[in-house]
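Atoms considered below: every heavy atom in the structure, side chains included; atoms not considered: hydrogens, waters and symmetry mates.
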Amino acid sequence: MHNEYYESWIIRYNFVDDWDIYAAALIFTMNTVTTIGYGDKYSTTNIEKIYTFFLIYLGMIVFAMIR
């Protein structure tokens with residue numbers, strides 16, 4: 001069913017490359033799974049999103065080792 005007023009998140013944020021979509025999905029998933037949340041400050045470029053992903057992942061590893 002096609003709705004002419006429907007706008008997907010890919011169109012809304014003007015993602016033109018597969019890397020844009022993957023980076024956004026990756027950081028959204030990590031923020032959701034780790035319950036960090038979405039907050040007022042967020043990464044905008046792909047480099048920032050990938051860096052944030054690895055930083056969250058590193059934090060999970062450190063927390064798991066301490067716990």
By ring pair (Phe, Tyr, Trp, His ring centres under 6.0 Å), which residues pair with F28, not counting sequence neighbours? Y38
All side chain to side chain contact (heavy atoms under 4.5 Å, CB included) counterparts of I47, not counting sequence neighbours: T45
Only counting residues at least two apart or in another chain, list the ones meeting side chain to side chain contact (heavy atoms under 4.5 Å, CB included) with N14. V16
Do E48 and T44 meet the criterion of a side-chain donor-acceptor pair at a distance under 3.5 Å? yes
So the side chain to side chain donor-acceptor pair (under 3.5 Å) pairs with at least one residue in residues 15-31 (sequence neighbours excluded) are D20-N46
Are M65 and M60 co-members of a hydrophobic cluster defined by side-chain heavy atoms under 4.5 Å apart? yes
Can you name the side chain to side chain contact (heavy atoms under 4.5 Å, CB included) partners of L55, sequence neighbours left out? Y51
F53: what forms a side chain to side chain contact (heavy atoms under 4.5 Å, CB included) with it, not counting sequence neighbours? L26, I27, M30
Answer yes if I11 and F15 sit in the same cluster of Ile, Leu, Val, Met, Phe, Trp and Tyr residues linked by side chain heavy atoms under 4.5 Å apart, and no otherwise. no
